[in-house]
Amino acid sequence: MPTLALTNFNIVLSVLGGWISLFGLVSYLCKENFYLSEALISLLAGVVVSPSAANLVRPLDYAGTAENVNNVTLYFSRLVLGVQLVLAGVQLPSRYLKKEWKPLSLLLGPVMVAMWISTSLLVWALVPNLSFLHALVVGSCVTPTDPVLSNVIVKGKFADHNVPKDLQRIIIAESGANDGLGYPFLFFALYLIKYIGDGGVAEEGGAGLAMGLWFGETWGYTIILSIIYGAVVGWVAKELLHWAEERKFVDRESFLVFAISLALFILGTCGMIGSDDILACFIAGNVFTWDDWFRLETLDDSLQPTVDMLLNVSIFMWYGTVCPWHSFLDNGVIPLYRLVPLGILVLLLRRLPWVFALHKYIPQIEETRQAIFVGFFGPVGVSAIFYLYITLEFLETLEVNGKTREDVESLGETVNVVVWFLAICSIVVHGLSIPLGKLGFYLPRTISRTVTGSPSGNDGEAVPPFRVGTRVTSRFSGILPGRRSGRNSATDLSTPTTETSPTSSRPIFRIGGSVIPPPKTPEIGPGGDPADERDTVEPGTGMETGSEPQARKPEPVTPGLAPRTIRFPDEVAGEV
């Protein structure tokens, strides 16, 4: 007897597959017409199916414990960032990091440091009972700009119409590089907390040992080693793919998926040696296309954007289900009336003032409005959640006699609540900024035109409104196929030569022959009255002067216009 198997696996597959299918049906409408990012829409879908709402997706049931849920979120974020950063490196032109090292050094140096300090100061000012050293930890998590959310302003119709190519590339390069460079900011504060946070009681060595570990492990082993490793792996992969493609050893499917498999390899190997896999992925992607060969070969293929879309939809649905929504209202570290102003101030002051101050030294930012645009769109997203769980994992090691140290007892909750809230604010605000901006630009014009009323013609009558998609029709619409098949158009020419469109007062003339007859001077009869006017039409039309009385008069001709003839190439002068 068949039974209904409502297992977690079946439910998750149904929800994920159903959502991706439904979103795919309207994806072009959402992204290209309404400028809504898939990240925002998928986050809202995750909220709907989360335990707080429909309870269809229950992460705690799958993982067993909250710690396992955190690990799943951390590794899922690592996977998405690694693949995204390899693809970001592949998108850049040949030797881009070498050519544009000066503007990148400004964005990754002074601007990033200013973002870290300003965010930490805001957190320190608005979170009660928080030391500045702890605020540095929170600020470092949200310092990197997110490459996933940056796709809103570097891909699609909005980017093609509004963001110059050079500006798109510098945004891609910065968001890719500064994700991996978040480690020095984070571990600068974490090492100091470990060795001097409790006055040096639990750990010996003090600030000197903390700075030694920061320079040695963080900069030497984590950053520099990952750069070297990513460059070597990317160059070897490029040479191997060249060699295999020249000998026709690799098929098209394997060729297209090579960059994604390279990302998985780097994530796994860097994870085993404990280096910065995120930065290594970005460097490897850029070195992999150092000669621009792979980028140009895959420029028109859609496999990489497809994988990108699947990962984006999945990760933000997962974020919607695991986000601690209830903790924003009920927590022991910061009330909501402080949390909301913190989110607003971070969005406004974290990045915008510093990019604006230095934009004259960045050639890709040519105008003031571009500086404001780049300064505002520095989203907080997947990278912030990644560093959040790196922080929680590190804080679990700070124990005394099997218990969490007193000085960091509330730091984990503070980081969890503040970073999640700032990430949600950025996803929502940056996801809605473009559509709301477009609405604010066009809505006043639409209302103004509606209020002033419909325009009128010269004769005082209202002009019919313009509608997109209306067609002008004519009874001579079949004359062109007749021309292609032959010139036996005597039957067609016996019909009137003009037709007035139902939505226009202007006549439509048939193509071929004289379309505007010459102005006619009326003949004066013997009595001084105008003679009987007949239509003067070219011979052969069946409507010559003096022909049947049912012949129509031509449309009025504007005085002063010379006769004009439009002919097809196969017509002989004089023919109609």
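Computed over heavy atoms, backbone and side chain alike; hydrogens, waters and symmetry mates excluded. Remember, predicted model here, so these are calculated numbers, not experimental data.
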Check whether more than 12 heavy atoms from other residues, nucleotides or ligands sit under 6.0 Å from atom [atom1] of [X], and answer yes or no.
X: F265; atom1: CZ; answer: no
X: E367; atom1: CD; answer: yes
X: Y361; atom1: OH; answer: no
X: R252; atom1: CZ; answer: yes

Any side-chain heavy-atom pair of [X] and [Y] under 4.5 Å:
X: I424; Y: L43; result: yes
X: L108; Y: E174; result: yes
X: V86; Y: F282; result: no
X: V15; Y: M317; result: yes
X: T218; Y: L213; result: no
X: L136; Y: L192; result: no
X: I172; Y: S150; result: no
X: R169; Y: E100; result: no

Will you find, in the side chains of [X] and [Y], an N or O donor that is under 3.5 Å from an N or O acceptor?
X: N312; Y: S42; result: no
X: D251; Y: S254; result: yes
X: Y229; Y: T269; result: yes
X: N70; Y: E393; result: no
X: T289; Y: Y96; result: no

Going through the checks in order, is the side-chain contact (heavy atoms from CB on, under 4.5 Å) test met by L392 and E413? CA-CA 9 Å; L392 296 179; E413 184 181 7; over 6 Å; no
Under 4.0 Å between a side-chain nitrogen and a carboxylate oxygen: does that hold for E38 and K155?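 No, no charged N to carboxylate O under 4.0 Å.
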Aromatic plane relationship, Y35 with F158 - under 30° parallel, 30 to 60° tilted, over 60° perpendicular: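 Ring orientation of F158 relative to Y35: perpendicular.
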Hey, what's the ring geometry for F394 with Y191, parallel, tilted or perpendicular (30° and 60° as the breaks)?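 Rings of F394 and Y191: perpendicular, over 60°.
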With sequence neighbours excluded, what pairs up with [X] under the ring pair (Phe, Tyr, Trp, His ring centres under 6.0 Å) test?
X: Y389; value: none
X: F185; value: W116
X: W243; value: F249
X: F132; value: W124

Heavy-atom closest pair, residues [X] and [Y]:
X: V287; Y: G234; answer: CG1-C, 4.0 Å
X: L97; Y: I283; answer: CD1-CD1, 4.1 Å
X: Q168; Y: A159; answer: NE2-O, 3.1 Å
X: M115; Y: T119; answer: O-OG1, 2.7 Å
X: L279; Y: S226; answer: CD2-OG, 3.7 Å
X: F356; Y: A371; answer: CD1-CB, 4.0 Å

Report the distance from atom [atom1] of [X] to atom [atom2] of [Y], rounding to the nearest 0.5 Å.
X: L345; Y: S118; atom1: CG; atom2: OG; value: 11.0 Å
X: I372; Y: R369; atom1: CD1; atom2: CZ; value: 10.5 Å
X: L87; Y: L303; atom1: CG; atom2: CG; value: 9.0 Å
X: I41; Y: L22; atom1: CD1; atom2: CG; value: 12.0 Å
X: L310; Y: S314; atom1: CG; atom2: OG; value: 6.5 Å
X: I223; Y: F215; atom1: CD1; atom2: CZ; value: 13.0 Å

Do any N or O atoms from the side chain of [X] and from the backbone of [Y] form a donor-acceptor pair under 3.5 angstrom?
X: R405; Y: L395; value: no
X: R350; Y: T143; value: yes
X: R351; Y: V374; value: yes

Hey, mind stepping through D179 and S383 against side-chain contact (heavy atoms from CB on, under 4.5 Å) and telling me if it holds? CA-CA 6 Å; D179 271 356; S383 57; 3.2 Å; yes
Apply the test side-chain contact (heavy atoms from CB on, under 4.5 Å) to residues I365 and L167: give CA-CA distance (whole Å), side-chain angles for both, the deciding distance (0.1 Å), then the verdict. CA-CA 7 Å; I365 304 178; L167 195 57; 3.7 Å; yes
Please report whether the ring centroid of [Y] lies less than 6.0 Å from that of [X].
X: Y319; Y: F316; value: yes
X: W318; Y: Y75; value: no
X: Y62; Y: F9; value: no

Scan S140, C141, S77 and name whichever one has a side chain to side chain contact (heavy atoms under 4.5 Å, CB included) with Y387.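 Per the side chain to side chain contact (heavy atoms under 4.5 Å, CB included) rule, the option paired with Y387 is C141, out of S140, C141, S77.
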Partners meeting salt bridge (charged side-chain N to carboxylate O under 4.0 Å, His left out) with R78 (sequence neighbours left out):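 Counting only residues at least two positions away or on another chain, R78 forms a salt bridge (charged side-chain N to carboxylate O under 4.0 Å, His left out) with D277.
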Hits for salt bridge (charged side-chain N to carboxylate O under 4.0 Å, His left out) against D61, two or more places apart or cross-chain, chain-then-number order -> R58
Using the rule given for side-chain contact (heavy atoms from CB on, under 4.5 Å), can you reason through W293 versus L241, listing the C-alpha separation, both sets of side-chain angles and the distance that settles it, and then say yes or no? CA-CA 11 Å; W293 171 65; L241 189 60; 4.0 Å; yes
